[in-house]
2 protein chains.
Amino acid sequence: MNKKRTTLKDIAIVLGISTAAVSKALNDDARISVKTKNAVKKVAKELDYQPNHLASALRKGKSKLVGLIVPRTNSNFFSSVVENMEEVLNKAGYNIIITQSNESFEKECDNIDTLLYLQVDGIIASMANETVDLSYYEKIKSNGIPLILFDRGENDLNVDYVGINDYDSSHMIIEHLVKQGCKRIAHIGGYRRTRIFNNRIRGYIDAIKKHDLPHDDELLIESSLTLEDGRKQIEKLLSLKNRPDAVYVASDYAALGALQVLNEMGIKVPEEIKLVGFGNEPFTSLVTPSITSIDQHSKQIGKLAAETFLGYVDKDVVEQSLNKLILDSALIVRDSSK
Amino acid sequence: MNKKRTTLKDIAIVLGISTAAVSKALNDDARISVKTKNAVKKVAKELDYQPNHLASALRKGKSKLVGLIVPRTNSNFFSSVVENMEEVLNKAGYNIIITQSNESFEKECDNIDTLLYLQVDGIIASMANETVDLSYYEKIKSNGIPLILFDRGENDLNVDYVGINDYDSSHMIIEHLVKQGCKRIAHIGGYRRTRIFNNRIRGYIDAIKKHDLPHDDELLIESSLTLEDGRKQIEKLLSLKNRPDAVYVASDYAALGALQVLNEMGIKVPEEIKLVGFGNEPFTSLVTPSITSIDQHSKQIGKLAAETFLGYVDKDVVEQSLNKLILDSALIVRDSSK
DNA sequence: TACTTTTGGTTAATCGATTAAACAAATATA
DNA sequence: TATATTTGTTTAATCGATTAACCAAAAGTA
């Protein structure tokens, strides 16, 4: 059953022409007669010819593969980004290799090595939380292939970036909470060293100041933003002498953790404390009460990142610079803040 | 900045030896002296040599790539399977290419074509719900590379399969519900044409009969098992003259939909109706009440599927047969059924 | 000493597709 | 008619790593 694959040579032999002619015929070269092309295509179909990707990639120096690095695929945001990215890239003849860093810097470096080893024509990445050292990413650039960052980016790399406006998103949230009558708003944010979380924090602080609300240190907490840490941090906030009347959490997962604790303690949401998350994960609409959140336009981000990559193909020298594509986010108001 | 990659030739020139010697040195060939090996490795490191995967794959006829096809990566089950599969395969020098079918037969066929085109050394797949026509999968087999199925499999393909015992899982669930005092148990199952769902249905029916419980037709429903369909089907069950006192849903997502409706209608779970899901998705423990579910041992499944694949490498002829690895599942009892 | 074996390489072919360069035949142009 | 151009194809080199076959020198053996 283990038959050999059909090669150009097999077709050439059947037709009594050279493999070069066959290759050109299949690639619609202008110098091949229509008659020959048709004959070649017919035989190719009959023999079920499948081009050998390895051979052509080796010869052309292009693999038609794009590497993708994400923290995890099991969040809705990333899986939606992937889906839309795939659609754009497949149309252009590219295939995606997905890798997960699991938020680990070490795994991320491994992934980069793997992708470079596979000779991908470009890398699209969202960085792990842990990642501070950028030398591995510099390695991509010095390989001469384009690097596109999305969601979790880093200015210092001076490459293209696609994401939402985190700073403005924070403003939208505070604006909304103020309209709901909140006077003391806390923020469970991510680590400041990660740019997007820093921006959310800056947005929070500026919006708070703009509305002349209290911005006590105790109201601003840095967190790993896991569900567990969300639980821990809300407990800290609840133990304050002067409790907040609203909490803006920079991740839906941590927001869910907070909500669990609030529910367990019988604290009514939104009556006693209003809650806002970030990311618009599907479960935000499923839990009780449903959680107000920020939609990050994952579809758009996926598409734009893919298109940005495609802008670099067939340039022989890749010359990148910091080029930010910032989308407006959307606030999805649900029960937890009404 | 766009420097060329280091090749074997570059190393050979530096040391004044042949590229063959360099290749053998790097591959620890017995016929190369330790002295030469060390010299080669030193220079390789200095020049930051990275082997050209395409060239070696082309020459060796092995890509050291494994293709993975899953319905979606954004469920915890699949992303956990992937993670563990990756661990085993990476250790053996293999890399994974992940593709999603989005439950579409057409996309699944595309994925198979893509993976074969990339010359993967094997394919590990969980089939889309839609898939009935197996000819595309036969294509994999006739390509002479191993095919391993997991979770969603199909006996007729006569290949290896790794999964849990769906039939027994149904028995465990019914057993548990009977112990909790339930007398009228409904089942919102998947489509019978998908083997695993058919097995769950058979298990449900047999267990019901075993306990002499009513098995009215109206208590057994086939569903697409999405969250939305879960909502729709529970409404159907609630509108029965003779309502069930327990519902076993063959997917956590559909179970969640059912729970939402029950909560909205003020029907107390578990007091009035007990609910059991399937899959042990993280949210089952997060919602109120938490949902009793079946854990599918995703880690084990990922590992075993990977190891099964590895069992075929370096066999020059792949000879597969129906070979089922069935794991016992675990019932995780939570509030929704206590 | 004369022959065999081992050691440590080298040479050249190969994987399959692509492509620059060459070339013969057909067609156009002066 | 003689020359130039176009058309359609072939030849041969190439991408980079691997490997079968070969070979010279060193070491072992009778």
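By convention in this document, chain letters (A, B, ...) are assigned in the order of the sequence lines, proteins followed by strands, and residues within each chain are numbered from 1.
Residue A:Ser33 is in sugar-phosphate contact alone, with no base atom involved, counting any heavy-atom pair closer than 4.0 Å across all strands shown. Residue contacts for B:Leu54: at a heavy-atom cut-off of 4.0 Å it reaches no nucleic acid atom on any strand shown.
Of all non-hydrogen atoms in A:Thr19 and A:Lys9, the two that sit nearest each other are CG2-CA, 3.7 Å. Contact detail for A:Glu86 and B:Lys107: the closest heavy-atom pair is OE1-NZ, 3.5 Å.
With rounding to whole Å, A:Lys9 atom NZ is found 13 Å from C:dA17 atom C1'. As rounded to whole Å, 17 Å separates atom P of C:dA17 from atom NZ of A:Lys64. Here the C1' atom of nucleotide C:dG16 and the NE2 atom of A:His53 are 13 Å apart, to the nearest Å. What separates CG of A:Asp29 from P of D:dG8 is a distance of 11 Å, to the nearest Å. Atom pair B:Lys62:NZ and D:dT19:P shows a separation of 12 Å (rounding to whole Å applied). We find that CG of B:Asn38 is positioned 15 Å from C1' of C:dG8, with the value rounded to whole Å. C:dC15 atom C1' lies 13 Å from atom CG of B:Asn52, rounded to whole Å. Per the geometry, CG belonging to B:Leu26 stands 13 Å off C1' belonging to D:dG16, to the nearest Å.
Remark: the B:Gln50 side chain and the B:Thr6 side chain contain no N/O donor-acceptor pair separated by less than 3.5 Å.
In B:Lys139, the NZ atom is crowded: over 12 heavy atoms of neighbouring residues, nucleotides or ligands sit closer than 6.0 Å.
A salt bridge links B:Asp28 with B:Lys41: the distance from a Lys NZ or Arg NE/NH1/NH2 to an Asp or Glu carboxylate oxygen falls below 4.0 Å. The existence of a salt bridge linking B:Glu46 and B:Lys42 is confirmed by a sub-4.0 Å separation between a basic side-chain nitrogen and an acidic carboxylate oxygen.
Comparing A:Ala30 and B:Leu58 by the nucleotide of DNA chain D whose heavy atom lies nearest to each, the residue mapping closer to the 5' end is A:Ala30.
Distances shown here put every side-chain N or O of A:Thr36 at or beyond 4.0 Å from the OP1 or OP2 atom of D:dG8.
Using cut-offs of 30° and 60° for the angle between ring planes, the B:Phe150 and B:Phe78 rings count as perpendicular.
Not a single ring-ring contact (aromatic ring centres under 6.0 Å, His included) links B:Tyr136 to another residue, sequence neighbours left out.
Tested against A:Val120, the residues A:Val66, A:Ile145, A:Leu68, A:Ile96 include a single side chain to side chain contact (heavy atoms under 4.5 Å, CB included) partner, A:Ile145.
An end-to-end axis angle of 50° holds for the helix from C:dT1-D:dA30 to C:dA30-D:dT1, taken from five base pairs per end and rounded to 10°.
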Below 3.5 Å between N/O atoms, which protein atoms pair up with nucleotides 18-24 of chain C? Just atom names and distances, please.
residue: C:dT18; atom: OP2; partner: A:Ser23; partner atom: OG; Å: 3.0
residue: C:dT18; atom: OP2; partner: A:Asn27; partner atom: ND2; Å: 3.3
residue: C:dT18; atom: O2; partner: A:Arg59; partner atom: NH1; Å: 2.2

